[in-house]
Every structure is written in structure tokens, then in C-alpha cells.
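Comments concern the structure below.
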Amino acid sequence: MGMAMVGQRRSERHLDGSRGTRGSLGVRSADVLIAGAGPGGAAAALRLARAGVRVLMVDRATFPRDKACSEYMSPEGARHLSALGVLEAVEEQGGRQILGTTVHAPRGSSLTGLFARAGHAAFRASGLSVSRRLLDGALVEAAQRAGATILEGVTAIGVVRDGAAVGGLVVRDRDGAVRELRAPITVGADGLRSVVAREIGSRRPARLRRYAFVAHLSGVAGLGQTAELHVSARGYIGINPLGGGLANVALVVPHTEVEPSKGRAEPFFFERLGRFSGIGERLRSAIIEREVMVTGPFDAWSRRVTAPGALLLGDAADFFDPFTGEGICAAFRGAELAEPLIRAALERPGTGALAEYARRRRAAFLGKWVIERAIGYAMLAPGFFDRSVARLERRGLAHTLIGVTGDFVPPRAVLNPVFLSQVVF
Ligand SMILES: Cc1cc2nc3c(=O)[nH]c(=O)nc-3n(C[C@H](O)[C@H](O)[C@H](O)COP(=O)(O)OP(=O)(O)OC[C@H]3O[C@@H](n4cnc5c(N)ncnc54)[C@H](O)[C@@H]3O)c2cc1C
């Protein structure tokens with residue numbers, strides 16, 4: 001197996017949690033290089049390291065770090081965390097179990113979907129809301145315990161080409177030094193604005209081009225046991241109880257609305273939240289506990305998710321919209337699909353084992369992609385959206401839909417003429 005040559009390590013966290021010192025010299029070999037140590041990269045690193053593969057991750061951030069996210073996971077997210085061996089540790093440190101999702105449509109109708117009533121046995125009856133600072137930090141630590149190495153503060157700026165194949169990453173240290181890291185397999189798990197996807201993925205431009213403003217607030221009145229989504233004709237908000245008196249509050253607006261937020265994200269955030277029915281009242285005593293983080297536009301899609309010597313997972317492969325996204329679960333699932341194929345590619349180089357990954361992703365995600373887009377575009381027609389929400393609630397179908405968007409009920413439970421006709425007529 002090949003070598004990743006690492007000169008001049010600047011910020012390397014060792015297995016005991018200590019960090020390498022600035023300017024220390026070192027040479028490290030790796031079978032797999034991973035750009036990005038978010039849920040996708042860390043889960044892949046953990047799975048591969050457990051199987052005895054030598055893994056080197058690079059991340060431009062230093063963990064623990066925050067991430068603009070609504071921080072909601074269905075029971076399927078809990079299943080993945082359990083399989084990765086971190087569920088207990090994460091829940092001990094924080095987070096809150098949630099029972100489902102409530103959707104408030106633009107003209108007053110609403111639905112509540114409960115995981116426990118989705119009609120298929122979930123891993124458990126509750127999902128998990130937990131800050132990404134805690135979740136992602138726990139995953140990185142677990143990957144390190146399994147034997148993976150992470151270089152923090154190191155940014156991937158391109159891929160190394162070995163003829164038609166990818167042979168590693170070009171990275172830049174915090175101090176600006178540029179160098180090559182080489183390995184037989186390179187994984188792009190570097191998120192929505194993935195450098196690896198830009199080079200190998202034939203990245204498709206966004207269509208919805210929505211932006212999000214996300215904060216942690218205390219003092220939000222009326223929090224229940226489900227996450228909330230409030231939809232208007234000009235965007236939506238998510239309110240997700242995180243436990244410990246905190247709520248994750250996210251505002252999502254079309255790109256045409258973001259101009260007035262420039263340089264004044266916080267007043268814009270509160271002013272827009274106040275436009276949603278009943279929300280201003282509930283936020284009257286709210287206090288910002290974590291600053292408003294801004295991200296967007298979303299909806300990025302890599303037409304190719306593999307190249308010789310490389311593959312993409314998580315948001316680097318695709319991300320549509322947070323409304324139905326379950327992007328954390330999708331990143332975990334991508335890592336689950338990729339791990340055996342990466343091992344096969346390492347064991348039998350040149351046999352094209354990685355190419356199978358695209359087919360398996362399609363089989364795993366196609367139904368969900370269709371549903372996400374159907375809901376994402378239905379939101380642009382407020383009257384239709386409102387009537388559909390009312391029918392789903394009245395006909396007892398909301399639980400099934402929440403199970404499908406939560407990735408533990410198969411999409412065919414929704415993508416069939418009987419279900420669809422009950423939503424539309
Ligand atoms: C507003 C919003 C709300 C969301 N809410 C939810 C939700 O409630 N539930 C849910 O499941 N999903 C949600 N998502 C989606 C979810 O955040 C993502 O799908 C998920 O984080 C994808 O994981 P990932 O590992 O692919 O990427 P990321 O979590 O983005 O991790 C990528 C990592 O790569 C690093 N990185 C980036 N570029 C480079 C580079 N060039 N070099 C080195 N490192 C790099 C970053 O520092 C980061 O650590 C939401 C998304 C948004 C935008």
C-alpha cells in the first residue's frame with residue numbers, strides 16, 4: 001500500500017489527545033487520505049481505522065468547532081451513532097431526545113409526525129438533537145481512538161494527479177506552507193463547498209439557492225418534544241430543542257432575500273423570525289447563546305462521485321435542502337457504503353472497486369432524492385403546500401412521511417399511487 005508523505009507537521013493531534021508542535025518534522029504513511037473530518041469524513045475514518053486501514057484526515061478547522069446546522073437527527077441517526085460506538089458518550093454529554101417533527105404550513109394547517117407511529121420499526125422511538133460542536137468532536141475523537149490521525153488547521157486546496165488517477169491532496173497549512181499528501185485512495189468529505197468535488201465531481205450549480213441563518217437561543221417559550229418547522233411563502237424556520245434550556249433556531253430564505261442581511265445578520269435574523277405567525281411572541285425573552293452563523297447557497301450536486309483513486313461522500317457528493325435533508329444521516333450512510341469498497345480497492349488495486357460506489361449510492365438514496373425535491377419545490381406553492389399538509393395530518397399519513405424523511409421508512413411507502421393520491425386529492 002502507498003505512502004502519504006507528511007513533512008512539517010504543524011497541528012497534529014495524537015491518539016492521546018496531545019498535539020504535534022509547530023514545525024516538527026514527520027513522515028507518516030496512510031492508505032486513505034480524507035479531506036474533511038465532519039460526520040462523513042470522521043465516520044469513514046472510524047470505520048476504516050477499525051478495519052485496520054491507515055487513515056489520515058485533514059480539516060481546515062480545529063475541533064471542537066461549530067457548524068451551521070439545525071442539529072436534528074431521526075432515530076436512524078441514533079442507529080448510526082450506536083454502530084459507530086459513540087451514541088452513549090454523546091448522550092451523556094448533552095443533547096435531547098426528540099419524538100418527531102411538527103410542520104406549520106403557510107396558511108395555518110399543521111401536521112405532527114411521530115417516529116414511533118411511522119409504521120416501521122425504527123432503531124428506537126426517539127431521534128436526537130445535539131450540538132454539532134459536541135457531536136462532531138465526539139466522532140473525531142472516536143476516529144482517533146480507532147487509530148486514525150487528524151491534521152487540524154490544514155486546508156485541502158486541490159488534488160494530486162497521477163495521470164488519470166487522483167493520488168492525494170494538495171494542502172495548505174495554517175502558516176501558508178503548501179505541500180502534497182499522497183495515498184492510494186483520497187476521500188472528499190469536505191462539505192458543501194468541497195475542493196475535491198470541484199476537481200473530480202462535475203459540480204452542478206444550485207437551483208434553489210437558499211441561505212440559512214442559525215443560532216442557539218435560550219429562553220424560547222413553548223418548546224415541545226418535537227422539532228418544529230414553520231413555512232412561509234418566503235422561506236421557513238426550524239426550531240429544535242437541544243436540551244439544557246437551549247433551542248437551535250434556523251431561518252432559511254431564498255437568495256433574493258439575503259441582501260439586507262449583509263453586515264447585520266443578527267437584526268435581520270430576529271426581524272425575519274418575527275414575521276412568522278406566533279414566533280415573535282415566543283422569542284420575547286430569548287437570549288442569543290451562540291452567534292448567528294450564516295451559510296448558503298445550498299443545493300449542490302456532484303454528477304460524478306468517484307474517479308480513479310477517489311470518491312466523494314456527504315455534502316461533497318450532494319446536498320439539497322435542510323428541510324428534509326437529514327444530511328448527517330446521509331453522510332453516515334455514505335461512509336457505510338464507501339468503507340467496504342475502499343478496502344476492496346486497497347486490496348485489489350486497478351479492479352475499479354470504487355466505481356461500484358456510485359451504483360450503491362443511487363440504490364440507497366434515489367427515492368429520498370425524489371422526495372426531498374418534491375417537498376422542496378412544493379414549498380414554493382404555499383396554497384398547495386398548505387392543503388397537502390392538512391390532508392397528511394387528517395388522513396394520519398404524517399408519521400409515515402416523517403419516517404421516510406427520517407431515513408428509516410423506505411421511500412416506496414410514500415412514492416406509490418395510493419399515498420400520493422391521498423396527499424394531492
Ligand atoms: C442550515 C442547515 C441546517 C441543517 N440541518 C440539518 C439537520 O438538522 N440535520 C441533519 O442531519 N442535517 C442538517 N443539515 C445538513 C448537514 O449539516 C450536512 O449534511 C452534514 O454536515 C454533512 O456532513 P459532511 O461531513 O459531509 O460535511 P460537513 O459537516 O460540512 O463537514 C465538512 C468538514 O470539512 C472541513 N472542510 C471544508 N473544506 C475543507 C477543505 N478545503 N480542506 C479541509 N477541510 C475542509 C470542514 O471544516 C468540516 O469540518 C443542515 C444543513 C444546513 C446548511
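Both counts, for ligands and for their atoms, begin at 1 and track the order of listing. Side chains included, hydrogens not; waters and symmetry mates left out as well; all remaining heavy atoms used. These numbers were taken from a predicted model, which means no experiment stands behind them.
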Exercise. For ligand 1, note which part of Asp59 has a heavy atom under 4.0 Å away: side chain, backbone, both or neither.
Key: both
Quiz item: Parallel under 30°, tilted from 30 to 60°, perpendicular over 60°: which one fits the rings of Tyr72 and Phe115?
Solution: tilted
Practice problem: Run the contact test for Val154 against ligand 1 with a 4.0 Å cut-off on heavy atoms, strictly below, and give the result. | Solution: yes
Quiz item: Judging by distance only, is a nitrogen or oxygen of Ala156 under 3.5 angstrom from one on ligand 1?
Solution: yes
Taking distance alone, no hydrogens or angles, what donor-acceptor pairs closer than 3.5 Å link side-chain atoms of residues 287-298 to residues at least two apart or in another chain?
from   : atom 1 : to     : atom 2 : distance (Å)
Glu289 : OE2    : Ser218 : OG     : 2.5
Arg290 : NH1    : His216 : NE2    : 3.3

Practice problem: Compute the shortest N/O to N/O distance between Arg65 and ligand 1 and return yes if it is under 3.5 Å, no if not. | Solution: yes
Exercise. Determine whether any heavy atom of Ala189 lies closer than 4.0 Å to an atom of ligand 1.
Key: yes
Quiz item: Are any of the heavy atoms in Ala35 under 4.0 Å away from ligand 1?
Solution: no
Quiz item: Who's closest to atom 38 (N) of ligand 1 heavy-atom-wise, of Leu192, Asp190, Val140?
Solution: Asp190
Quiz item: Atoms of ligand 1 less than 4.0 Å from Gly314 heavy atoms?
Solution: 26 (O)
Quiz prompt | ligand 1 versus Ala68: contacting region, heavy-atom distance under 4.0 Å | solution = backbone
Quiz item: Counting each atom of ligand 1 from 1 as listed, which ones have a heavy atom of Tyr72 under 4.0 Å away?
Solution: 7 (C), 8 (O), 9 (N), 10 (C), 11 (O)
Quiz prompt | Proximal atoms of ligand 1 relative to Ala331 (non-hydrogen, under 4.0 Å) | solution = 23 (O)
Quiz item: Any idea which atoms of ligand 1 are less than 4.0 Å away from a heavy-atom of Thr295?
Solution: 53 (C)
Exercise. Take every heavy atom of Met73, measure it against each atom of ligand 1, and state whether any distance is under 4.0 Å.
Key: no
Quiz prompt | Interfacing atoms of ligand 1 (cut-off 4.0 Å, heavy-atom, Ala212) | solution = 1 (C)
Quiz prompt | Nearest protein heavy atom with distance in Å, relative to atom 43 (C) of ligand 1 | solution = Arg60 N, 3.4 Å
Quiz item: Can we say Arg124 and Glu91 salt-bridge, meaning some charged N sits less than 4.0 Å from an Asp/Glu carboxylate O?
Solution: yes
